[in-house]
Amino acid sequence: MRVRTQHRALLAATTAVLALGLTACNGSDKAAPAPAGQTTPTAGQQADASAPATTGGGAAAQSGGSSETPVKTPASAGAAGKTTGGTDASTGTGSGTGSGTSKGSGTAKTGNSSKNTEEYAYKHPCAMTNLTVNVRQGGGSLRVIEVTNKGATACGLDLLPAVDLGLSTSADRSGNIHPLVPSGIGGPDHALLVGTKAYAVLDLAGKAGGTGKKVDEINVLVSPSHMPNADTRNFPIGAGARVAVPKLGLYRDNVADATASMKQADITQS
């Protein structure tokens with residue numbers, strides 16, 4: 001009986017040791033107990049928590065890298081802005097240069113334009129060297145005196161030319177015929193701008209009732225108060241022409257207006 005008792009006691013001790021070993025093994029597989037006041041998370045909660053933690057960590061790392069990129073991006077944008085600004089500045093410089101060139105060109109034109117105005121013409125009489133004069137047929141008994149400014153600046157003509165008609169073979173022109181001209185004329189000279197023409201119309205038929213005198217030449221001094229008689233130009237009429245009382249109008253910018261002016265002639269040109 002004593003042996004059995006010892007044997008049982010030994011078995012009980014062995015069993016207790018095994019139980020303790022199993023308990024220890026089970027304890028190592030379990031999480032450490034939570035501190036007082038906290039609840040120990042379940043295995044599922046631990047899995048859920050661990051997954052976001054891992055993902056969050058990676059995202060945080062990536063976000064950190066990505067956050068550096070936005071920081072650099074504004075810097076790059078700033079640099080790009082400076083580059084753009086530089087381009088704009090360069091463009092502005094180009095525009096400035098172009099503008100300067102344009103202004104230079106404009107200044108040259110302005111300089112020419114300032115000498116090609118009516119105001120300039122009123123103060124600067126035309127010189128014969130800067131003019132061309134022509135007398136052409138105007139239809140029927142009409143003749144058109146055409147004066148062109150071939151100079152580089154505007155100039156002023158008298159309001160009408162000095163005209164007389166006679167024989168080209170006569171040395172004495174005191175008996176030449178002078179046309180009728182409009183009365184009551186006055187005012188500034190006729191402004192002749194660069195490259196433009198002035199027209200004066202002469203009607204050889206003139207006033208009805210004249211006896212008529214044989215002539216073959218028209219003598220024209222385009223601006224008698226500003227030019228010497230030596231600047232008179234002579235134009236043939238044609239053999240057999242007879243003129244009694246011719247009529248002459250003022251200078252105008254076109255033939256129609258010059259013809260209308262001629263029809264108002266009523267006093268003899270001196």
Side-chain angles (χ1 to χ4, degrees), residues 125-151 155-185 187 189-193 195-270:
C126 293
M128 196 62 209
T129 53
N130 293 327
L131 304 175
T132 59
V133 185
N134 182 46
V135 175
R136 59 182 174 83
Q137 183 75 35
S141 60
L142 301 183
R143 298 295 184 271
V144 178
I145 301 170
E146 186 178 85
V147 183
T148 305
N149 183 357
K150 64 178 182 178
C155 61
L157 292 172
D158 283 332
L159 295 180
L160 75 170
V163 175
D164 65 74
L165 300 95
L167 293 172
S168 58
T169 57
S170 176
D172 181 10
R173 295 186 178 179
S174 60
N176 284 5
I177 300 173
H178 294 270
L180 298 178
V181 295
S183 59
I185 60 175
D189 286 352
H190 180 88
L192 191 61
L193 303 186
T196 62
K197 299 175 185 283
Y199 303 92
V201 171
L202 174 68
D203 185 2
L204 298 179
K207 189 175 181 180
T211 58
K213 185 176 181 179
K214 187 176 179 180
V215 296
D216 64 1
E217 185 177 66
I218 301 174
N219 305 304
V220 179
L221 183 59
V222 296
S223 193
S225 69
H226 300 308
M227 297 178 180
N229 289 333
D231 286 336
T232 299
R233 298 294 183 264
N234 315 110
F235 302 91
I237 298 176
R242 288 185 177 275
V243 176
V245 186
K247 298 174 69 173
L248 174 69
L250 304 180
Y251 280 125
R252 291 291 184 260
D253 294 330
N254 58 73
V255 175
D257 289 345
T259 301
S261 175
M262 176 272 297
K263 293 178 179 180
Q264 297 175 359
D266 55 359
I267 62 171
T268 302
Q269 185 180 43
S270 58

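Note: hydrogens, waters and symmetry copies are ignored here, and every other heavy atom, side chains too, is used. Sequential numbering from 1 along the given sequence is applied to the chain's residues. Values in this document were obtained by computation on a predicted structure and should not be read as measured data.
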Who pairs with [X] by side-chain contact (heavy atoms from CB on, under 4.5 Å), at least two apart in sequence or on another chain?
{"X": "Thr196", "value": "Leu192, Leu193"}
{"X": "Ala127", "value": "Thr129, Asn130"}
{"X": "Ser183", "value": "Asp266, Ile267"}

Glu146: what forms a salt bridge (Lys or Arg N to Asp or Glu O under 4.0 Å) with it, not counting sequence neighbours?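 Counting only residues at least two positions away or on another chain, Glu146 forms a salt bridge (Lys or Arg N to Asp or Glu O under 4.0 Å) with Arg136, Lys197.
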Which side chain to side chain donor-acceptor pair (under 3.5 Å) pairs, counting each pair once, include a residue from residues 230-241, with sequence neighbours left out? Asn219-Asn234
Of all pairs that satisfy ring pair (Phe, Tyr, Trp, His ring centres under 6.0 Å), the ones with a partner from residues 166-185, not counting sequence neighbours: none
Ring pair (Phe, Tyr, Trp, His ring centres under 6.0 Å): which pairs involve residues 227-252, sequence neighbours left out? His190-Tyr251
Please assess Ile218 against Leu165 for the test side chain to side chain contact (heavy atoms under 4.5 Å, CB included), listing each intermediate value before the final yes or no. CA-CA 5 Å; Ile218 301 174; Leu165 300 95; 4.0 Å; yes
Nearest-0.5 Å distance, [atom1] of residue [X] to [atom2] of residue [Y]:
{"X": "Gln269", "Y": "Leu160", "atom1": "CD", "atom2": "CG", "result": "5.0 Å"}
{"X": "Lys247", "Y": "Leu142", "atom1": "NZ", "atom2": "CG", "result": "10.5 Å"}
{"X": "Asn149", "Y": "Leu131", "atom1": "CG", "atom2": "CG", "result": "6.0 Å"}
{"X": "Ser170", "Y": "Asn176", "atom1": "OG", "atom2": "CG", "result": "6.5 Å"}

Sequence neighbours left out, what passes side-chain hydrogen bond (donor to acceptor under 3.5 Å, both in side chains) with [X]? Give chain and number order.
{"X": "Thr132", "value": "none"}
{"X": "Asn229", "value": "none"}
{"X": "Ser168", "value": "Asp216"}

Can you check whether Asp158's main-chain N or O pairs, donor with acceptor, with Ser223's side chain at less than 3.5 Å? yes
Any donor and acceptor pair, going by atom type alone, linking the side chain of Glu217 with main-chain N or O of Thr169 inside 3.5 Å? no
If you look at every heavy atom in Leu248 and Pro161, which pair is closest and at what distance? CD2-O, 3.6 Å
Give the intermediate values and the outcome of side chain to side chain contact (heavy atoms under 4.5 Å, CB included) for residues Arg242 and Lys213. CA-CA 5 Å; Arg242 288 185 177 275; Lys213 185 176 181 179; 5.9 Å; no
Scan for salt bridge (charged side-chain N to carboxylate O under 4.0 Å, His left out) pairs involving residues 252-263, sequence neighbours excluded, and state none if there are none. none
